[in-house]
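What follows is a short report on a single structure.
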Amino acid sequence: MKSLKNYSFAFFTTLLAIFVINGCQKSVEPDPDHAEAEGLVLRMNGVDFVTVKEGKVTGKITVKVGTETDHIDIYFLDAGGNRFRPEGSEFDLGWEFADASIAEVERDEGAKWEMHVLGKKIGDTTIELRILHAGHVDFRTPPIPVTVTP
Amino acid sequence: MMKSALSYHERTVLVATAVFFVTLLAQARMGNEERSAIEEQKSGVILGKVVDIETKEPLGWTPVLLLETNKAVTAHEDGTFHFHNVPPGTHSLKTFRLGYESLIRRITVAERETVIVTLELKSSPLSTETVLVLGVANGKASSVKPTEIITGKQLQQQLGRTLAETLSKESGISQRTMGPAPARPVIRGLGGDRLLILEDGGRTGDISATAPDHAVVVDPLTAERVEISRGPAALRYGPNALVGTINVVRGQIPSEPIHHVHGNLMVHGETVNGGLAGGGAVSVPLGAIVLRADGSMRNATDISVPNGVLRNTYYRNLAGSLGASRFDDWGHLGLAAGIYRSQYGIPGGFVGAHPNGVKIELERAHLRAKAEVLVSSSPFRLLEAEFALTDYYHRELEATGVLGIEFGVLTYSGEVIAQTRPWGFFSGGFAGISGEYRDFASGGFSFTPPTREQNLAAFLLQEADLGLLSLKIALRADTRLVHPEEEFESKRIGLIRSRRFSDLSGSLAGVFHLRSSLFAGITFTRSIRPPSVEELYSEGPHLAAYSFEVGNPELDLERGLGLEVFLRYTGHDALSQVTVFHNDLQGYIFPRNSGQINFRTLLPIYRFTGLGAAMSGVELSAEARVVGSFVAGASLNYVRGSLKESQSPLPMMPPLGAKIDLRYSTSTFMAGVVARMAAAQNRIDQFEQPTAGYTVIDGIAQYQVGTGAVFHTFVLTAENVLNTEYRVHLSRVKSIMPEPGRNLKLLYKLVF
């Protein structure tokens, strides 16, 4: 039984080391403070021209090729339909065009929830707008039509 | 891109392993007294030889299992094998080989006795490897071990990209998939953690049971064998294994001393996705210590289907482990550590899915220590103790690289099992206790709170031989605490709080030896299943599962009652079995499509629901020698699942399936064709899509040859020879993804 004691010692010493080392492990950091958006409004020159409610898109973005739209304000809608903009440095605007060769987004410095759309090539595409939060997406719109005209 | 450097936990595991090995090696050099200990053992020894019953020629490279101790060896090239440290008592030796009938031989080993046994195999073209192990000895049913074992040639013939695909070639086993990489087996309509997947008898520590996009972290490539246990035997591992457990045996902790270097190498390629896989294992004796290492890799590009190529269906896997055991007269002590890394795509482009799919990266590090101690004077004959640590991490990324969700699970588990001596009318069995601590956290766009789970269990299994009747009974008591980090009222799903679930489970199986080759059996099982963390507390999008999952903190234990009856004929020229079963579940928990869309994520909302459900079905299989070495076989399986209250169909139920095969088989060569068929599944839940029936033809050829001290195996497989476009009902991506088209696979395995 002497050898059994020797190995038990080695065994439990090793296990102890594992417990100690794992006691200070890094882990996944949950962050439940997500933006509570369920819809979106795009507003230009005082007019709501695109609305996203209950997953449905009303309106479209139109821009002439080689030009950019006027200033577009972005507001999000909560479950009660109230407009809001996420506050905090961890939130930002994200977007993705189905065809990035047709249009692109330009933003004024420091204007997190505002944008211009630039027409690059005549044609139709779509844009998906998102709320980015600490590296992930808290809200995304369905594809919003974008038309670049002559 | 996969990380090139080892993670924090992998380094931890490797450092701890190194500490342990150094300690063992140091002690191995302490003196000759200990090094020769295995020659002075007090327990019994089995020395054996496997031969052909007619020619008496040795049958080298034949696997031999000592069933009661879960030990396995492969006979040397001269057919000899040995088992050391065999506890005194009666044991079952099982062996099987291409072109021969499988054999189970009961032997009794006394204390300090060396038993010499010759296993004589009778040639037969029938596929006898996956028979139910009934423990037949001297013409009587001597024990009940309702376990199917897939090993050797059959495992190589069936080898697929995943464990589930490998097993799906078995009658009655389906696979739930979401692309080529994430797949999990389904038996009799039940999957998830109702069908536990184990690696070397321990939990895998992954989260593949909770969602269809999560892969199993076990690669079948380096498996020695796969054991499917049902009834009482399954209760050792958990209270919720209503349809059984699947144990992938890799032998990472050596269980038998060896006298020279053993190992294997394997290469596997396939055309349908340019897939290439390779792996191997080597075991080295060092005095009383055996060192073992294994490794494997897989790499495949997007998969081809009859009408094109499916984007984002690639996968890359890398796995490896190191293990060592020290053998002494009191038993053995071993430890193994391993890593598993995988990266794979989930196809997109259908309703509710991301247009370009999702990428998943996962990694697991594990460490397992095990001790076996022989006991000479007590009600027990062998004590087993095991400890395992598993660290699992997984993240799901959009095609643009943006994080969707991530999971981290740290699991500590341990168990102590005592094998019992015969008492009363029981011939033996075991009793044990086990514990598990699980720390779960999710990040990204997730509302599921960090949660800790603690599980304690005690279990008992005993066997009895009553002449022509063999019985096996198992009882188990579990208590599980699910403890979220904080208690709070969620406005969407209710009060999130700690929950405790405690209850008993059990199983009773009996096998009656009706006539010389005819057996009948019956199994009753009562199972319990606590709801998982995700089922209780989820409240958010699951990126790669393309679902918005809503948990229910009020869910109660799922309780199941199962009944199974079978009749089996095992003749020299024919085998057949018919099984009927009925499983009744109270509070059956499943994610049900609500038909609603979450407008924040545009994902369909699935609500975890607990409702009464029932599943009934039948399984038939038969094969017979047609002429000479030609064998014809057929199998059929059917399950019908319904919600008890409404009698409406349960979702994700496999359709009627069947298989017909014809093959030519000798002791070195096998070739055959197989027709796989499924009926249309039109009996579907609300919001579920029907699936058309199909027939697919496969072909296979296998050749084995020994040259000196090396044994070679070649397997050539042609899947879906006619390039048929077909879809499987249990695929979550069937609307965009037919099953793979024509595929040629070549496997070469070398054993030394």
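- A:Arg140 CZ to B:Phe445 CZ: the interatomic distance, rounded to the nearest 0.5 Å, is 9.5 Å.
- Here the shortest heavy-atom pairing between A:Phe139 and B:Phe599 reads CE1-O, 3.6 Å.
- Between B:Leu602 atom CG and A:Thr141 atom OG1 the span is 7.5 Å, to the nearest 0.5 Å.
- In this structure, the separation between CG on B:Asn598 and CD on A:Glu38 is 6.5 Å, given to the nearest 0.5 Å.
- Across B:Val402 and A:His136, no two heavy atoms sit closer than the pair CG1-CA, 3.8 Å.
- For A:Glu36 and B:Arg492, the salt-bridge test passes: some basic side-chain N is under 4.0 Å from an acidic carboxylate O.
- For A:Glu87, the CD atom counts as loosely surrounded, since its 6.0 Å shell holds 12 or fewer non-hydrogen atoms of other residues, nucleotides or ligands.
- Expressed to the nearest 0.5 Å, how far CD of A:Glu128 lies from OG1 of B:Thr400 amounts to 9.0 Å.
- What you find for B:Glu398 and A:Val137 is that their closest heavy atoms are OE2-CG2, 3.5 Å.
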